[in-house]
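Below: the structure, in structure tokens.
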Amino acid sequence: MEADNIATNNYNVYIDEAGDEGFKFECNFGRGSSRFFVLSAIIVKQELDQKLASIVNELKKILKYQQKDILSPLHFYKMSHEKRKVCVNQLAQFKDFTIISVVFQKETLKEPLKVKSILYNYACKILLEKVTIFLKSKKAKANFIFEHRRNTHYDELETYMHKVIDCAQYVLNIKPLTKSQSKCLQLADIVASSIYQAFEPNQYDGDIEPSYYMKLSNNIFVYNGKCLGYGLKLFPSDTDIVEQDKYSWINDLLGNLSKELKNR
């Protein structure tokens with residue numbers, strides 16, 4: 001199994017990020033720091049964990065990975081548009097997982113969030129608040145598996161988590177793994193990177209690509225009929241980002257989810 005402590009109604013939560021935590025922005029979308037930082041979670045029942053993980057094997061077959069590369073993790077950002085579409089299309093066929101993401105528009109952030117470690121920890125706080133709402137609604141507990149970051153001290157992160165949110169009753173354990181150790185973290189990378197592409201202007205003409213994330217829309221966490229603020233949290237303000245013309249696709253996303261909920 002991808003994670004331990006298998007029991008009825010227990011979940012695994014796989015967490016990965018996209019973008020960077022720097023603040024050296026270039027004019028005209030150059031190669032400086034990213035405008036956005038994304039932290040995403042894939043939530044799956046433990047009994048379905050291996051089934052979800054098997055998507056990675058299927059993707060490597062479809063993408064014609066050579067035998068010498070078969071153990072290498074998938075990296076969404078290195079793929080062509082065509083291969084990215086394959087990844088999100090395959091992942092979207094698996095209905096039994098939930099996506100929660102927080103998106104930070106870094107240019108609008110103020111101190112102390114402009115400190116890398118503080119930004120990451122705060123993003124974890126916001127994300128885990130939303131994951132806790134999901135777990136509470138399911139009367140469930142979960143293992144939290146983070147993509148390993150060299151400069152993150154996970155014992156300190158766990159202490160911080162318990163200090164700032166009431167999550168103890170929902171957490172089985174917290175551990176970091178590399179993408180080579182966890183296929184589901186490779187899928188979390190696809191999710192986080194898909195969301196990142198929907199917000200981050202490219203370096204050539206400042207365009208964005210929301211189609212990947214839109215393909216995964218049916219897996220986004222909806223609570224009390226709402227997606228924004230739960231399955232998708234924008235920071236510092238949901239409204240400020242949604243009202244930007246570039247991100248009008250968010251209203252399309254919310255409209256599609258509303259129609260889907262009515263048809264259920």
Side-chain angles (χ1 to χ4, degrees), residues 13-41 77 99-136 142 144-171 173-177 185 188-189 191-193 195-201 203 206 208 221 223 228-244 246-247 250:
V13 180
Y14 295 92
I15 298 170
D16 195 18
E17 80 262 15
D20 59 66
E21 295 134 273
F23 288 87
K24 296 181 179 179
F25 305 113
E26 295 285 341
C27 296
N28 299 321
F29 314 108
R31 292 182 177 273
S33 301
S34 65
R35 261 62 177 182
F36 287 85
F37 178 72
V38 173
L39 195 64
S40 294
Y77 80 95
I99 296 169
I100 298 178
S101 301
V102 293
V103 179
F104 285 76
Q105 189 171 27
K106 294 180 345 190
E107 291 168 296
T108 63
L109 298 181
K110 299 178 181 179
E111 300 292 350
L113 291 180
K114 291 186 177 182
V115 177
K116 287 186 177 182
S117 60
I118 293 178
L119 174 57
Y120 182 78
N121 283 353
Y122 190 75
C124 287
K125 171 186 179 293
I126 300 298
L127 180 70
L128 296 177
E129 284 177 345
K130 310 308 175 184
V131 174
T132 297
I133 292 171
F134 171 89
L135 294 173
K136 185 176 181 180
F144 289 78
I145 302 97
F146 288 81
E147 203 274 331
H148 186 270
R149 291 158 48 98
R150 187 170 47 189
N151 296 321
T152 297
H153 301 286
Y154 290 92
D155 53 345
E156 295 178 6
L157 176 61
E158 183 171 2
T159 299
Y160 170 79
M161 284 169 51
H162 287 294
K163 181 179 179 180
V164 296
I165 60 174
D166 181 19
C167 63
Q169 61 183 311
Y170 304 109
V171 177
N173 65 47
I174 296 171
K175 63 181 178 182
L177 293 175
L185 275 177
D189 172 78
V191 171
S193 297
I195 297 167
Y196 178 74
Q197 294 292 329
F199 285 93
E200 181 72 14
Q203 63 178 305
I208 57 173
F221 179 43
Y223 184 70
L228 201 61
Y230 293 98
L232 176 62
K233 174 59 184 172
L234 309 178
F235 197 89
S237 166
D238 292 320
T239 304
D240 287 350
I241 296 177
V242 170
E243 289 181 349
Q244 297 176 42
K246 185 184 290 287
Y247 303 111
I250 299 174

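Residue numbers start at 1 and run along the sequence shown. We use all heavy atoms of the structure for the numbers below, so side chains are in, but hydrogens, waters and symmetry mates are not.
- Put simply, CD1 on Ile195 and CG on Leu232 are 7.0 Å apart, with the number rounded to the nearest 0.5 Å.
- Looking at residues two or more places apart in sequence or on another chain, you find no salt bridge (Lys or Arg N to Asp or Glu O under 4.0 Å) involving Glu200.
- Rounded to the nearest 0.5 Å, atoms NZ (Lys125) and CD1 (Ile118) are 13.5 Å apart.
- A tilted orientation is assigned to the rings of Phe199 and Phe36, their planes being inclined by 30° to 60°.
- Every residue two or more places apart in sequence or in another chain was checked for a side-chain hydrogen bond (donor to acceptor under 3.5 Å, both in side chains) with Asp189, and none qualifies.
- Rounded to the nearest 0.5 angstrom, Lys246 NZ and Ile241 CD1 are separated by 13.0 Å.
- Put simply, the side chain of Ile15 reaches to within 4.5 Å of the side chain of Leu128, judged on heavy atoms.
- With a 4.5 Å cut-off on side-chain heavy atoms, Tyr247 and Ile208 count as touching.
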Name every donor-acceptor pair, under 3.5 Å, that has one atom in a side chain of residues 100-115 and the other anywhere in the protein, sequence neighbours excluded.
{"residue": "Ser101", "atom": "OG", "partner": "Ser40", "partner atom": "OG", "Å": "2.8"}
{"residue": "Gln105", "atom": "OE1", "partner": "Gln244", "partner atom": "NE2", "Å": "3.3"}
{"residue": "Lys106", "atom": "NZ", "partner": "Asp20", "partner atom": "O", "Å": "2.8"}
{"residue": "Lys106", "atom": "NZ", "partner": "Asp20", "partner atom": "OD1", "Å": "2.8"}
{"residue": "Lys106", "atom": "NZ", "partner": "Gly22", "partner atom": "O", "Å": "2.7"}
{"residue": "Lys106", "atom": "NZ", "partner": "Ser34", "partner atom": "O", "Å": "2.7"}
{"residue": "Lys106", "atom": "NZ", "partner": "Ser34", "partner atom": "OG", "Å": "3.1"}
{"residue": "Glu107", "atom": "OE2", "partner": "Arg35", "partner atom": "NE", "Å": "3.2"}
{"residue": "Thr108", "atom": "OG1", "partner": "Gln105", "partner atom": "O", "Å": "2.8"}

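- Note that the CD1 atom of Ile145 and the CD1 atom of Ile174 stand 10.0 Å from one another [nearest 0.5 Å].
- The stretch residues 235-244 participates, sequence neighbours left out, in these salt bridge (Lys or Arg N to Asp or Glu O under 4.0 Å) pairs: Lys233-Asp238.
- Take Phe37 and apply the ring-ring contact (aromatic ring centres under 6.0 Å, His included) test, not counting sequence neighbours, and it matches no residue.
- Checked against the 6.0 Å centroid threshold, Tyr122 and Phe235 count as a close aromatic pair.
- With values rounded to the nearest 0.5 angstrom, Leu228 atom CG is found 10.5 Å from Tyr230 atom OH.
- By the 30° and 60° cut-offs, the orientation of the rings of Phe221 relative to Tyr223 is tilted.
- Every residue two or more places apart in sequence or in another chain that forms a side-chain contact (heavy atoms from CB on, under 4.5 Å) with Ala142 is listed here: Tyr11, Val13, Leu135, Phe144.
- Ala18 and Ala192 get closest at one heavy-atom pair: CB-O, 3.6 Å.
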